Amino acid sequence: MKGIMIQGTASDVGKSFIATAFCAIFHKLGYKVAPFKSQNMSNNSYVTLDGREIGRAQGIQAEAAGTAASVYMNPILLKPKSDCTSEIVLLGKSYETLGGQAYREKFYLKGLEAIQLSLEKLSEQYDFLVMEGAGSPVEINLKDRELVNMKVAELADVPVILVADIDRGGVFASIIGTLELFSEEERSRVKGIIINKFRGDLSLFQPGVQWLEERTGIKVLGVVPYVSGHMIEGEDSLSLAKRFANQNRREIDIAVVKLPYISNYTDVEPFLFEEDVSIRLVYGPDEFGEPDALLIPGTRSTIHDLQQLKNSGLAQKIKAYNETGGTIIGICGGYQMLSRYLYDKAGSDTGVKGRYEEGFNILPVGTTFYHEKKTVRNKGIIHPQSGFPQFFVEGYEIHLGVTEPIVPQAVRPFIKLSDGTDGAVIDSGRVIGTYFHHIFFNDEFRTEWLNRIRERKGLEKKQVKWLKKEKTKKYEQIARHVQNHIHMDDLLNIIQSWGE
């Protein structure tokens with residue numbers, strides 16, 4: 001098998017960014033390339049064409065590589081349900097919920113089996129793989145039974161490129177420390193170093209490059225300047241906070257509720273392409289302000305997060321905002337919170353069968369949680385009774401609950417499907433609840449929704465911005481950016497000559 005593995009000196013050093021760039025670069029060079037991350041921990045997921053669930057980052061990397069995403073690109077997805085437990089999604093399907101120790105003891109061999117199967121399947125279809133590790137590869141307490149860093153590089157038998165983030169400081173110590181903590185065999189697999197997120201004059205770092213190569217005997221393949229606004233979708237809460245923290249306030253202010261177990265927050269990322277829209281995360285009532293629209297995103301633990309909103313006082317702010325005519329959209333777990341009640345019949349949301357919780361009571365609907373999890377790609381048209389034009393829309397659903405009208409005549413469906421309807425709308429679209437993740441990736445609907453806000457504020461309406469075209473440009477931009485600062489001949493030589 002040909003390929004490389006991108007490992008990092010820590011979390012959020014830019015592994016996903018570099019891996020995405022390499023997927024785009026190799027695709028542009030004519031190679032048939034696939035991304036791979038054996039184990040991903042994230043509540044930000046992606047649904048494949050066959051209705052399976054994988055990590056969001058590998059879905060985006062597949063897009064950059066010009067190929068369809070599959071479960072073999074991320075065979076193990078861990079979705080945190082609490083501080084101590086995670087749902088295991090194995091080869092795209094929910095498998096079991098376990099704590100950390102049980103996972104290491106009960107799941108390790110099963111995980112290895114899925115990883116080996118996935119590597120075999122991908123090697124049959126692609127020229128080589130761009131593999132991604134997780135966190136730091138030298139967490140000493142976890143190394144004996146890890147499923148995502150050097151163990152996987154050994155299984156695939158590929159060389160490793162080590163990425164370090166100079167923006168956070170301590171880049172020399174992080175590189176040397178990581179290499180020192182590798183075993184001799186692991187260290188011999190590291191064939192290149194990339195310095196990421198550099199700011200300033202690159203020539204000033206040349207002595208640092210020389211020192212690293214002399215000290216380690218490993219080639220520094222490149223120093224990649226910091227890229228702001230690269231639009232590569234985030235994978236975890238670290239990247240989420242950074243994406244929105246430094247935005248300047250613009251004409252349209254969209255507040256997004258930061259839920260403790262927020263999931264699929266990339267639903268809001270299309271707004272980053274809108275020049276007159278700013279997004280801000282709201283952690284508590286003091287930060288609520290007077291937004292033009294409020295978005296309540298998905299969550300891995302709906303009732304838990306709903307209770308947190310009540311305890312913090314943010315729930316009261318949301319209810320008051322609705323009473324004053326605020327524009328609200330709830331997606332998946334956010335939709336469920338807008339219900340009159342949430343009933344955990346199966347215990348699948350809280351672990352307690354029969355648990356009952358009052359919702360915000362903004363939509364006249366009720367939500368019941370069953371055992372069955374729905375994971376599907378879906379499409380339809382905006383329902384003619386919703387108050388919006390009948391645009392074609394597509395998205396994906398990942399949820400346990402079923403939400404149904406309590407007072408049918410008081411609510412209108414949001415989306416007309418081939419076999420039914422999705423969602424609920426009141427006040428001609430002022431408040432929307434939907435299970436459709438990716439709803440704002442539908443350009444015509446997003447533009448119509450925003451234009452209503454613009455019109456209300458006396459702003460000029462905008463033409464449709466076609467997101468797929470914009471994203472393709474971004475992939476090309478990051479590919480050029482990284483390619484211009486990487487010794488590509490050396491990288492390709494590492495891949496082609498490994499094992500010879």
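Not measured: the values here are computed from a predicted model. Values below: every heavy atom of this structure, side chains too, minus hydrogens, waters and symmetry copies.
Counted within 6.0 Å of NZ on K416, heavy atoms from surrounding residues, nucleotides or ligands total 12 or fewer; the atom is thus considered open. Annotation: K345, atom NZ; neighbour count of heavy atoms from other residues, nucleotides and ligands within 6.0 Å does not exceed 12. Other residues, nucleotides and ligands place no more than 12 heavy atoms under 6.0 Å from the CD atom of E185.
When all heavy atoms of C332 and G298 are compared, the pair lying nearest together is CB-CA, 4.3 Å. Between I195 and I193 the shortest heavy-atom distance is CD1-CG2, 4.0 Å. Closest of all the heavy-atom pairs between A255 and V282 is CB-CG2, 3.6 Å. Closest heavy-atom contact between S174 and T9: O-CG2, 3.6 Å.
Under the side-chain contact (heavy atoms from CB on, under 4.5 Å) criterion, K353 pairs with no residue at all, not counting sequence neighbours. Shown here are the side chain to side chain donor-acceptor pair (under 3.5 Å) partners of D50, two or more places apart in sequence or in another chain: T48.
The aromatic rings of Y335 and Y435 sit perpendicular, their planes meeting at an angle over 60°, well past the 30° parallel limit.
Under a 4.0 Å N-O distance rule, the pair R104/D144 qualifies as a salt bridge. A salt bridge links K374 with E397: at least one charged nitrogen is closer than 4.0 Å to a carboxylate oxygen. Salt bridge absent: K379 and E394 never bring a charged side-chain N and a carboxylate O closer than 4.0 Å.
Note: I161 CD1 to I18 CD1 = 10.5 Å, rounded to the nearest 0.5 Å. One distance of note links CZ of R168 with CG of D12; it measures 6.0 Å at 0.5 Å rounding. Between the CE atom in M41 and the NZ atom in K79 there is a gap of 12.5 Å [rounded to 0.5 Å]. Interatomic distance, NZ of K32 versus OH of Y126, reported as 6.0 Å (0.5 Å rounding). Taken from CD1 in I88 to CD in Q39, the straight-line distance is 9.0 Å, to the nearest 0.5 Å. L78 contributes atom CG, which lies 9.5 Å from atom CG of L98 (distance to the nearest 0.5 angstrom).
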Contacts table for residues 107-114: side-chain donor-acceptor under 3.5 angstrom, sequence neighbours left out:
none

Sequence neighbours excluded and cut-off under 3.5 Å, please list the side-chain donor-acceptor pairs for residues 480-489, or say none.
{"unit_1": "H481", "atom_1": "NE2", "unit_2": "P225", "atom_2": "O", "d": "2.9"}
{"unit_1": "N484", "atom_1": "ND2", "unit_2": "R480", "atom_2": "O", "d": "3.1"}
{"unit_1": "H485", "atom_1": "ND1", "unit_2": "H481", "atom_2": "O", "d": "2.8"}

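With contacts defined as side-chain heavy-atom distances shorter than 4.5 Å, the pair S94/E87 qualifies. Side-chain atoms of D349 and L342, non-hydrogen and from C-beta on, never get closer than 4.5 Å to each other. The shortest distance between side-chain heavy atoms of R300 and P80 does not fall below 4.5 Å.
Applying the side chain to side chain donor-acceptor pair (under 3.5 Å) definition to pairs two or more places apart or across chains, those involving residues 151-160 are D157-R189, D157-W498. For residues 29-69, every residue pair satisfying the ring pair (Phe, Tyr, Trp, His ring centres under 6.0 Å) rule, not counting sequence neighbours, is listed here: Y31-F128.
Checking side-chain atoms of R377 against main-chain N and O of V47 turns up a donor-acceptor pair under 3.5 Å. Here the side chain of H383 pairs no donor or acceptor atom with the backbone of F414 at under 3.5 angstrom. Put simply, the side chain of S348 gets close to the backbone of Y370: a donor and an acceptor are under 3.5 Å apart.
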* Can you check side-chain contact (heavy atoms from CB on, under 4.5 Å) on I54 and L77, steps first, answer last? -> CA-CA 6 Å; I54 65 172; L77 174 62; 5.6 Å; no

* **ring pair (Phe, Tyr, Trp, His ring centres under 6.0 Å) between W449 and F388, intermediate numbers included** => CA-CA 9 Å; W449 189 80; F388 288 94; 8.5 Å; no

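For the 3.5 Å distance criterion, the side chains of T403 and Q336 fail to qualify, holding no donor opposite an acceptor.
Applying side-chain contact (heavy atoms from CB on, under 4.5 Å) to S38 and the options V148, N149, L155 leaves one that passes, V148.
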